[in-house]
Number of protein chains: 2
Amino acid sequence: MRAAPKLADVLKALADPTRLRMVALLGSEEVCVCHIHTALRVPQPTASRHLSYLKRVGMVEDRRVGLWKHYRLRRLPDPAVQAVVDAARKAAGDSPGVARDCCRLVDAVRLIRSPIQTAPMA
Amino acid sequence: MRAAPKLADVLKALADPTRLRMVALLGSEEVCVCHIHTALRVPQPTASRHLSYLKRVGMVEDRRVGLWKHYRLRRLPDPAVQAVVDAARKAAGDSPGVARDCCRLVDAVRLIRSPIQTAPMA
DNA sequence: TCCATATATTCGTGTGTCCGAATATAGGAT
DNA sequence: ATCCTATATTCGGACACACGAATATATGGA
């Protein structure tokens, strides 16, 4: 299951509004949990749980960097299933809510620049 | 809601295995409920309920022909959302289960030719 | 009118899951 | 070792919904 998410799993994963926002927010570059829960304005356990769900299904992968944990979307082996994800991400991008999430993500990343340095530059 | 299904509604609709099979089965040509519940091997009330769900969301439309009721997929106004449906239909098409559904649908249509004549030819 | 067939709806039950709150674990710094 | 921060998990309750069974509605024909 971890390696090749089935279509049904992907659709169930995308059917939840919070997870859809997460998938829309995550691009090729990785984002850490604290940025996600800040951008989406959801409690940290909620963000963690949904990311855990997406990981279990095989849609994201994570990487530890010190205390932080970075998540990023996985490229799915089945191109037809990947196409569903792409279409959903594109459609979700039209939503003003997702646009706001992206803005807040940029702000969050700007504030907490990297796992190493906690303060903004200068 | 009826006119322009939102992305979230479409994803929730597709997240159910039975509805996904239905959407995969329904093409541009219309199919009546009896054929659907025969092809999918689900009880008639189940087929009716899910078709009702899809209609409420705005993904299908129906047409009465005597006792029969024919359903067909609707073209969605939002092209991005429509793309999600297309991708899901295409991905579902790879499933052997859906292939079997299609075969049974062809058989059913062959047996019950049209709303007017109940018996197969000759 | 009454009957037969196709479709729709209701009811009760079980299951899945989403959430908030609290707690647990992991890793780094001093 | 101890504390602090980031992340993960558990627990309980609430809610949505999918199903089987039974029943209701609608249409056509006698």
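For the numbers below, each heavy atom of this structure counts, side chains included, while hydrogens, waters and symmetry mates do not. So you know, we letter chains A, B, ... as the sequences are listed, proteins then strands, and number each from 1.
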(request) Mind checking the CG-CE spacing from Asp16(B) to Met22(B)? Nearest 0.5 Å is all I need. (result) 9.0 Å

(message) From the set dT17(C), dT7(D), dT27(D), return the single nucleotide nearest to any side-chain atom of Leu67(B).
(response) dT27(D)

(request) Would you check if Asp9(B) and Arg56(B) make a side-chain contact, meaning some heavy-atom pair closer than 4.5 Å? (result) no

(request) Check the distance between dC18(C)'s C1' and Lys12(A)'s NZ and give it to me in whole angstrom. (result) 13 Å

(request) Measure the spacing between NZ of Lys12(B) and CZ of Arg19(B) and express it to the nearest 0.5 Å. (result) 9.0 Å

(message) Just N and O in the side chain of Tyr53(A): are any of them under 4.0 Å from OP1 or OP2 of dA8(D)?
(response) no

(message) To the nearest 0.5 Å, what is the distance between OG1 on Thr46(B) and CZ on Arg41(B)?
(response) 15.0 Å

(request) Give, ordered by number, those residues of residues 41-50 of chain B having at least one heavy-atom distance below 4.0 Å to an atom of DNA chain D; if nothing qualifies, reply none. (result) Pro43(B), Pro45(B), Thr46(B), Arg49(B), His50(B)

(request) Send over the distance from Arg63(A) CZ to dA6(D) P, rounded to a whole Å. (result) 18 Å

(request) Can you tell me the distance, in whole Å, between the CG atom of Asp16(A) and the C1' atom of dC17(D)? (result) 15 Å

(request) Send over the distance from Asp62(B) CG to dT25(D) P, rounded to a whole Å. (result) 19 Å

(request) Decide, yes or no, whether a salt bridge links Arg72(A) with Glu29(A) under the criterion of side-chain N to carboxylate O below 4.0 Å. (result) no

(request) Is it possible for you to check whether Arg63(B) lies under 6.0 Å from the centre of the six-membered ring of Tyr71(B), through NZ or CZ, and within 45° of that ring's axis? (result) no

(message) dC19(C), OP1 or OP2 - any side-chain N/O from Thr18(A) closer than 4.0 Å?
(response) yes

(request) Calculate the interatomic distance between Arg64(A) atom CZ and dT5(D) atom P; express it in whole Å. (result) 16 Å

(message) Taking 4.0 Å as the cut-off, does a side-chain nitrogen or oxygen of Lys69(A) come that near to OP1 or OP2 on dG27(C)?
(response) no

(request) Calculate the interatomic distance between Leu40(B) atom CG and dA18(D) atom P; express it in whole Å. (result) 15 Å

(request) Write down the distance between CD (Glu30(A)) and C1' (dA6(D)), rounded to a whole number of angstrom. (result) 16 Å

(request) Could you verify whether a donor N or O on one side chain and an acceptor N or O on the other, from Gln82(A) and Asp78(A), lie under 3.5 Å apart? (result) no

